[in-house]
Protein chains: 2
Amino acid sequence: MENVTIRMLAEKLQLSTATISKALNNSHEISEETRKRVQDLAKELNYVPNPYASSLRKKSSKTIAVVIPEIADSFFAEAINGIEAVAQEKGYHVLIYLTHESSEKEQAILKDFQSGRVDGVLISVTMETANSEHSLSQLSKELPLVFFDRVCEEVATAKITTNDSEAAYIATKHLIEVGCRNIGLLAASEQLTIMRERIKGFYRALTEYQLPVTNNSVTYFTREANQLLSDTLRLGKFDGVIATTEKLATNVYEAAETLKLQLPKDLKVIGFSNLSTARFLYPSLTTVYQPAFEMGKAAATLLFKALKNSHVTLTQQSMEIPSQLFIRNSTLQQ
Amino acid sequence: MENVTIRMLAEKLQLSTATISKALNNSHEISEETRKRVQDLAKELNYVPNPYASSLRKKSSKTIAVVIPEIADSFFAEAINGIEAVAQEKGYHVLIYLTHESSEKEQAILKDFQSGRVDGVLISVTMETANSEHSLSQLSKELPLVFFDRVCEEVATAKITTNDSEAAYIATKHLIEVGCRNIGLLAASEQLTIMRERIKGFYRALTEYQLPVTNNSVTYFTREANQLLSDTLRLGKFDGVIATTEKLATNVYEAAETLKLQLPKDLKVIGFSNLSTARFLYPSLTTVYQPAFEMGKAAATLLFKALKNSHVTLTQQSMEIPSQLFIRNSTLQQ
DNA sequence: CATAGTTACTTAATCGGTTAAGTAAATAAA
DNA sequence: TTTATTTACTTAACCGATTAAGTAACTATG
C-alpha cells in the first residue's frame, strides 16, 4: 500500500493539489462543500501529511530542541515534563539532545541547528559553558533561544532561572542557625553562572554571620566526585556542607558512610535537589527544591511566544522563579 | 546573511548542484580535486545541509522516536541514556514522546509516525496497552519497531525485556526466606505483560512454599496510589510487599509513615526500582534492579541493525537481560 | 583504427507539500 | 448595463537536496 499523498487525494477528487492543500488547512478560499469532501476522503484514506515536505517549503518544522547535560537527574527530568506539557499543547515536537557535560558535543549539536532542523531551542548549558558562548550568541541571532537554569550570561536572550543566590544564602543561613561554623559549598563548575550565584549567596551569609571565608570554603568537582569528596570531607573537617547538585548530595551520603561520619551529628547536609526520595533518605535530606517543572514550562511558554510573534524581544523576558528550602533531618540541630 | 545552500556553492564554483551534492557525499563520480574544492568552500561558508530537503528526497530522516510513559523515572531515564548513546554514535536524532500513561495520547503519537517523520520507533507502552495493539501491529509493518520493557505481546516484532517472572520469583522467595508469610504484590496494571509475568513468578514462589494465594495477593493501582495504598496496607495486613514500580516503592514508605508501620519490622518491602538513592533510604531499599541502560542500548542497537539491513527479521531478535536483586535493610530479618 | 569503457561532469526529474499569481464564473456596486 | 469585486478554484513555481539519465572527453581493448 502506497503512502497517501496530497496528489492521490487530488486525483480521486478531480481537484488540483493546491485545492487539497488549502482544504486541509481550512483556507477560506475553499468552499465548505469541497473542504468537507476533501477532509472526509483524507480521513477515510488515513492521510498523514509528510512533515518534511511542509517543513521544507514553510521553513518551519514545528519542532523544538531541548539541550541538557543529563537526563537521569530529577531536575532535568521534571523540566522536560514542563517543556513537553507546553509543546504537546502547541502541537510541537521535542528533540532531546544530551551533552553529557561535554562542550564538544554541545557545539556539534548547536551547529546542527543551523540547518533549520528546529524552530527554537531550550538549553541548559554544559559546565564548560565558556566554550559554547560564541556558538550560542551566533545561534541566538538565527532562531529563538531560551536558557533555563544553566544560563550563559553573555548571550543576549531570555533566561529562566531560580533565585540561586538567595536560595544559597537562605540555605547557608539555615546551616549556621543549626550550629554549623565550618561550612563548605560543594560546587560543580567554576564557570556556571548559577554556581557563581550560589557561591555569592553562600559568601554573603558567611560574611553576615562573621564566619571566615577560607580558600577551602568552596570545592569544585567535575566527574568521579566520590573519591574526591571523601578527601574533601576528611580534609576540610566541615560540620556542614551544601551540595549544589543532586549527584553531589548523594555523594555526601556515600562519603559519610565511608568516613563513618554520622549525619547530621558530625556533618549536616543541604542538597540543591529535586529528588522525590529526599524525605525518605537516612537522614531525610534538607533540600533546596528548585521549581523544575515550572521553569521548563516558563521557558517553553516564552519560546512559543517568540515563535508566534517574532517581535517579542527575548532579551527582555528573563524570569526568576524562587526555590524553596525544605528543612529535614539532615540539618537537625543536635 | 542568507542560508548557505548547495545552489550557492554551485554558483560560486561554476558547477552544477548535482556535482556539489555528490562531492559532499564523497561520490566516486567526482574528481579528487573538485571534491576538495567543494568541501573546502562548504567549510568556509559554514554550509549545513537542510535535513528536510534530504529527508524528503531520500525518504529517511536519520531520526528515531522513543515513546515512553514518563520521564521522571529512573528506569526510563537510564534507558534513554542507553538509547541515546547508540543513536549519537550512529548519527541519529532522537525524538522523545511522553504518553503520561494515556493510551489516547499514545495513539495520536503513533499515528503521526505514519508520516515518515521517523525511521524507526522504540516504545515502552502505556498501561492501557490493549488499546494500542492494533495501531502498533499496523505500524510494525511500516517501519522497524522495537519494544523495551513494557511490550505488547501480540505485536510481532522484537522485544527487549528483563526476566520479569524469574525476578519476581526470586524476590518473593527472598521475602519468604526472611520470614514473610502474608505477601502482597503491588501492581500497576492488569494489562501489561511485564506485570503478568511478575505475577506469574510471584505465584510460583508462593505455591512452591505452600503459601496461600488469595484474592488480595495482588493489588492494582493506577493513579493516586497513595491513598489507596494506605488502605491496602491497613486492610491486607501484609508482612511483606513487592512494589512493581518505582513510584509504588516510594508510596509504601509514605504509607508506612502514615500508618506508623515500622519497616522492615512490621512490613518488608522490595521495589522493582532503579533509584540511585535506594541504598540511602531509611531503611535502605531492597531492589530488583533492572538493566535499564543495557535494555535501552540493546533495543537501539537492534533497531539500527534493522534500519541498516532491512532483511533482519525483528520478530526473531527478542532478548532478555536479567535483573539483579540487591538485598538491603528493607527486607532485613528481625 | 574502431569500438567499448571509464571519468567527470550536467540536465532534469523528483520527493510532497505550500503559495503567489492567474482565471472563469458569480455577485455586487455604480 | 457596465464595471468592480468576490468566490472558488487551477497553474506553476518553489523549498533544497538527491539521483536517474545523458554527454563530452579521454583511455583502454581487440
Side-chain angles (χ1 to χ4, degrees), chain A residues 1-39 41-42 45-63 91 112-119 142, chain B residues 1-39 41-42 45-63 91 112-119 142:
Chain A
M1 190 179 66
E2 278 301 292
N3 237 336
V4 184
T5 67
I6 241 175
R7 185 171 301 143
M8 288 174 58
L9 299 180
E11 271 166 27
K12 292 229 182 201
L13 295 175
Q14 293 293 342
L15 290 167
S16 72
T17 60
T19 305
I20 305 293
S21 174
K22 286 172 185 166
L24 291 171
N25 291 299
N26 293 314
S27 159
H28 60 91
E29 291 180 48
I30 304 300
S31 72
E32 186 57 44
E33 191 204 325
T34 305
R35 177 166 60 196
K36 191 167 173 356
R37 282 210 307 146
V38 172
Q39 294 186 348
L41 185 67
L45 299 185
N46 196 28
Y47 165 75
V48 184
N50 183 313
Y52 297 130
S54 80
S55 292
L56 178 58
R57 181 66 227 255
K58 297 205 289 188
K59 288 169 171 281
S60 101
S61 58
K62 284 260 170 191
T63 304
D112 181 71
F113 294 159
Q114 298 188 346
S115 68
R117 183 186 296 278
V118 295
D119 297 346
E142 292 171 21
Chain B
M1 192 179 66
E2 278 301 292
N3 238 335
V4 184
T5 67
I6 240 173
R7 184 173 301 142
M8 288 173 57
L9 298 180
E11 272 165 27
K12 293 229 181 199
L13 294 175
Q14 294 293 342
L15 290 168
S16 73
T17 60
T19 304
I20 306 293
S21 173
K22 286 172 184 165
L24 292 171
N25 290 298
N26 293 313
S27 160
H28 61 90
E29 289 180 52
I30 305 299
S31 73
E32 187 57 44
E33 190 204 325
T34 306
R35 176 166 59 197
K36 190 164 173 0
R37 283 211 304 149
V38 172
Q39 293 186 350
L41 185 67
L45 299 185
N46 197 28
Y47 166 75
V48 183
N50 182 314
Y52 297 129
S54 84
S55 290
L56 177 59
R57 181 66 227 255
K58 296 205 289 188
K59 286 169 172 280
S60 100
S61 59
K62 285 262 171 187
T63 303
D112 181 71
F113 293 160
Q114 297 187 347
S115 68
R117 184 186 296 278
V118 295
D119 297 346
E142 292 171 22

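Computation of the quantities below employed the complete heavy-atom set of this structure, encompassing side-chain atoms and omitting hydrogens, waters and symmetry-equivalent molecules. Treat the numbers as computed from the prediction; the structure is a model and nothing was measured. In what follows, every chain begins at residue 1, and chains take the letters A, B, ... in the order their sequences are listed.
- Residue-level contact check: S55(A) touches neither bases nor backbone, having no heavy atom under 4.0 Å from any strand.
- The interatomic distance linking E29(A) (CD) with dA26(C) (P) rounds to 19 Å, in whole Å.
- Note on K59(A): a side-chain N or O is less than 4.0 Å away from OP1 or OP2 of dG16(D).
- In this structure a side-chain-to-backbone donor-acceptor pair under 3.5 Å is present from S61(B) to R117(B).
- With rounding to the nearest 0.5 Å, the separation of OG1 in T5(B) from CD in E11(B) is 7.5 Å.
- Whole-Å rounding puts the R35(A) CZ to dA8(D) P distance at 10 Å.
- Atom-to-atom, CG of N3(A) to C1' of dG17(C) comes out at 13 Å; the value is rounded to the nearest Å.
- As rounded to whole Å, 13 Å separates atom P of dT11(C) from atom CD1 of I20(B).
- Protein atom CG of N26(A) is 14 Å distant from nucleotide atom P of dA8(D), rounded to whole Å.
- For the pair N3(B) and K59(A), the minimum side-chain heavy-atom distance is 4.5 Å or more.
- Using a 4.0 Å cut-off between charged side-chain N and carboxylate O, R35(B) and E32(B) make a salt bridge.
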Give every pair of a protein N or O atom and an N or O atom of nucleotides 18-20 of chain C that lie under 3.5 Å apart, one pair per line with the distance.
| residue | atom | partner | partner atom | Å |
| --- | --- | --- | --- | --- |
| dT18(C) | OP2 | S21(A) | OG | 2.6 |
| dT18(C) | OP2 | N25(A) | ND2 | 3.3 |
| dT18(C) | O2 | R57(A) | NH1 | 2.4 |

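- The side chain of L15(A) has dT10(D) as its nearest neighbour among dC9(C), dT10(D), dG16(C).
- Taken to the nearest 0.5 Å, the CG atom of L41(A) stands 11.5 Å off from the OH atom of Y47(A).
- Distance CD1 (I30(A)) to P (dA8(D)): 9 Å, rounded to an integer number of Å.
- Contacts of S31(B) with the nucleic acid, taken as non-hydrogen atoms under 4.0 Å apart, involve only primed sugar atoms and P, OP1 or OP2.
- When the P atom of dT19(D) is taken as reference, atom CG of L56(B) falls 12 Å away, rounded to whole Å.
- Considering only side-chain atoms of N50(B), the nucleotide from dA17(D), dC9(D), dC9(C) that sits closest is dA17(D).
- Regarding K36(A), its NZ atom lies at a distance of 19 Å from the C1' atom of dA8(D), rounded to whole Å.
- Judged purely by distance below 3.5 Å, without hydrogens or angles, the side chains of Q39(A) and N26(A) pair a donor atom with an acceptor atom.
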Taking only distance into account, with no hydrogens and no angle test, what donor-acceptor pairs under 3.5 Å do side-chain atoms of residues 15-22 of chain B form with protein atoms, sequence neighbours excluded?
| residue | atom | partner | partner atom | Å |
| --- | --- | --- | --- | --- |
| S16(B) | OG | A18(B) | N | 3.4 |
| S16(B) | OG | T19(B) | N | 3.2 |
| S16(B) | OG | T19(B) | OG1 | 3.0 |
| K22(B) | NZ | E29(B) | OE1 | 3.2 |

